[in-house]
Amino acid sequence: MSKILKKIGAQKALEMYKRMLKIRRFEERVRYLFLEGIMPGTIHQYDGQEACAVGVCSALADGDVIASTHRPHGHAIAKGLTCKEIMAELFGKTTGCCKGKGGSMHLGNMDKGMLPSIAIVGGNLPIVTGMGLAFKLRSKKNVAVSFFGDGASNEGAFHEAINLAAIYDIPAVFVCENNLYGASTHVSIVCKLKNIADRACAYGIDGVVADGNDVLAVYETAEKVIKKARNGGGPSILELKTFRRCGHSRRDSKAYMRKEELDYWMARDPIAMFKDILLKAGFCSEEDLERISKEVDAEVEEAVEYAQASPDPRPEDALEDIFA
Amino acid sequence: MAKKDGNRVLTIAEALREGITEEMERDEKVFCIGEDIGIPGGWGGAFTVTLGLEKLFPERIINTPISEISIFGAALGSAIMGMKPIADVQYGDFLFCAMDQIVNQISMMRYISGGKIKVPVVIRVPVGASNRGPQHAHSMESWFINVPGIKIVCPSNAYDAKGLLKAAIRDGNPVMIFEHKLLYGSKGARAEKGTIDASRYIPKEDYIVPIGKAEVLRKGNDVTILSTLLMLHRSLSVAEQLESEGVSCEVIDLRSLVPLDTEGIFNSVKKTGKVVIVEECTKRGGWGAEVAARIAESIPDHLIAPIKRIAALDTPVPFSPVMENYYVPSLERIKDGIVKTAAY
């Protein structure tokens, strides 16, 4: 058994597995609801990147905060939002985490440490710098985490946010989930660097790379950079190499993906990989995993029923919540 | 800094500085973030408003790189976590570098959260043509009246500047304060040529000027003049001159563009039936268009003359003083518009 798995322990490891599975089942159910035309809107799904959200969020402490992107379902589940409040938001219901004003691209609940996610690529990074600045100004030992994709690393906001965070040693971690594609554009077309984390040297901070499909590697690396930020060591860029198993959005058939790459990554399912590790470590039996699977399915199904049974907002509710 | 008793006439720059100081003393969540602030030997922002504050509040003057996206993003993030940032740029023209953070993020965050998040962000914006050429000159208030979720104030004198700033800091919402470069009364190396005296007696006692309330600065019966900032001062000069020529002008300082004091405006228009709007924003889509539309839509029967808009030209702000003077509504242009409207 690896040192890190031993340190995490069976209980927490199984909880991490459960969250990853919950994300996958949630996304599968959402895809069905969307394709059947039952769910409104558009969807950007997280299948395949579960180890990133769960690995990082599991390394956070109470009071730490995260911010996500237009692809936030996984981060929301990993940070402890309930399937019910997320699903209801996807259905645009009053019981949603943002009362139906945000939708699929704006999931969050500050009571649980998640900013309503920011759907402008790169838009959350400067805000995370500010959340970290508030921790620093108020002498709180907390950390703010930004999740973003490879695409966001080419935005001006990436540069400005990380530079400001660096010069003030702001307790922030910038987690780049490099899933190889910004919509349909392969990262190699728009970035000459092999590692996006290499950009860290431009800001005088650490840049580290981890296997984003190995939840233990994500956890172990995240824990280090989070600890550093918490203790006044300043921000880091954590690049997680991963892959989006689903399309970019809606009915995307991934026709732009390269066959060899697709085959390689599809064989590296982060959930299946972690499952093998847990079984080999003797942390659980097949029966335990079957029970977890059933619990997760039940929770997702309950969320769908809850969301569908929840009331629609009144049209004129659109007029509320502009000013405090 | 605060003057001794009996010497309490302050410029806008001084009144803003005093207002910021008092609010920072009153509430430790208030802090300043911006370019070129808090540098010993520096200017205290481009127009001396934050001069010396780093000595009083070394931890709460956050000097940033020239990096507008990060200024407004960080202001928002800190506000979400309970702080009350006062964010500024050297020149309003630089706001355009940070439009995503202001328009998509700051203005919408409360709404997107379903009303759960408060966004007490104050944005200070120097505006106005002042012989600097097209990119340090723009008056862009009008751009932001189209953005739901942001309040907009435009103080024309030191009393209102301090009172509106304090109201903005305590408001709990995003508030943009547009400040005119020729009204600051900045001193020393940052003194402005062509400055108009906008200093006022500032009481020692704490006060605010409520956001959303216009003020009638001159009573009159023939024409209602609606204006803000530098154009308000020019309108007052013209109104004074016209009094002797037999035209009685009611001059209203709108002070807030969002929310707009429609009640105050309508009351005056119902009395005079004639409206002249004077603004330094470009005419096409300027805030005057919105104010004119509100009047025409709500109380058309009270109008006895077409609404007149006197605004900057629909061009960039030209550098040459000759052209710039032509671009910004002059005393002559304002007078001509008022006289024609009064005679209608």
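All values derive from a computational prediction rather than experimental measurement. Chain letters run A, B, ... following the sequence lines, proteins first, then strands; residues in each count from 1.
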If you tally heavy-atom pairs under 4.5 Å against chain B, which of [options] wins?
options: Thr94(A), Val128(A), Ile322(A); result: Ile322(A)
options: Ile120(A), Thr129(A), Val65(A); result: Ile120(A)
options: Lys140(A), His106(A), Met131(A), Met110(A); result: Met131(A)
options: Glu320(A), Lys101(A), Lys99(A); result: Lys101(A)

Mind checking the [atom1]-[atom2] spacing from [X] to [Y]? Nearest 0.5 Å is all I need.
X: Met81(B); Y: Leu137(A); atom1: CE; atom2: CG; answer: 12.0 Å
X: Lys116(B); Y: Asp111(A); atom1: NZ; atom2: CG; answer: 7.0 Å
X: Ile170(A); Y: Ile62(B); atom1: CD1; atom2: CD1; answer: 7.5 Å

Flag if over 12 foreign heavy atoms under 6.0 Å of [atom1], [X]:
X: Lys118(B); atom1: NZ; result: no
X: Ile39(B); atom1: CD1; result: yes
X: Glu316(A); atom1: CD; result: yes
X: Glu263(B); atom1: CD; result: no
X: Asp206(B); atom1: CG; result: yes
X: Lys213(B); atom1: NZ; result: no

Does any heavy atom of chain A fall under 4.5 Å from the side chain of [X], the backbone, both, or neither of them?
X: Lys29(B); value: side chain
X: Ile33(B); value: side chain
X: Glu59(B); value: backbone
X: Phe72(B); value: neither

Which of [options] touches chain A most, by non-hydrogen pairs under 4.5 Å:
options: Ser113(B), Pro148(B), Gly172(B); answer: Ser113(B)
options: Pro120(B), Ser78(B), Ala79(B); answer: Ser78(B)
options: Arg60(B), Met108(B), Gln105(B); answer: Gln105(B)

Item to check | Within-4.5 Å side-chain heavy-atom neighbours: Asn163(A) and Ser67(B) | outcome: no
Next on the checklist: What I'd like to find out is whether the side chain of Ile69(B) reaches to under 4.5 Å of the side chain of His159(A), using heavy atoms alone.
Outcome noted: no
Next on the checklist: side-chain contact (heavy atoms from CB on, under 4.5 Å) for Ile118(A) and Ile112(B)? Distances and angles first, verdict last.
Outcome noted: CA-CA 10 Å; Ile118(A) 303 297; Ile112(B) 288 174; over 6 Å; no
Item to check | Heavy-atom donor-acceptor pair, Glu160(A) side chain to Glu68(B) backbone, under 3.5 Å | outcome: yes
Item to check | Ser70(B) versus Pro126(A), closest heavy-atom pair with distance | outcome: CA-CB, 4.2 Å
If I measure from the heavy atoms of chain B, does [X] come under 4.5 Å with its side chain, its backbone, both, or neither?
X: Ala324(A); answer: both
X: Ala318(A); answer: both
X: Leu125(A); answer: neither
X: Leu115(A); answer: side chain

Next on the checklist: Could you go through Gln101(B) and Ile127(A), starting from their C-alpha distance and side-chain angles, then the distance that decides it, and tell me whether this counts as side-chain contact (heavy atoms from CB on, under 4.5 Å)?
Outcome noted: CA-CA 8 Å; Gln101(B) 289 302 324; Ile127(A) 305 172; 3.5 Å; yes
Checklist entry - Where do Val119(B) and Phe323(A) land on the side-chain contact (heavy atoms from CB on, under 4.5 Å) test, with the steps shown first? => result CA-CA 9 Å; Val119(B) 185; Phe323(A) 288 121; over 6 Å; no
Checklist entry - After noting the C-alpha distance and the side-chain angles of Glu28(B) and Arg138(A), does the key distance pass the side-chain contact (heavy atoms from CB on, under 4.5 Å) rule? => result CA-CA 9 Å; Glu28(B) 63 178 21; Arg138(A) 303 182 84 173; over 6 Å; no
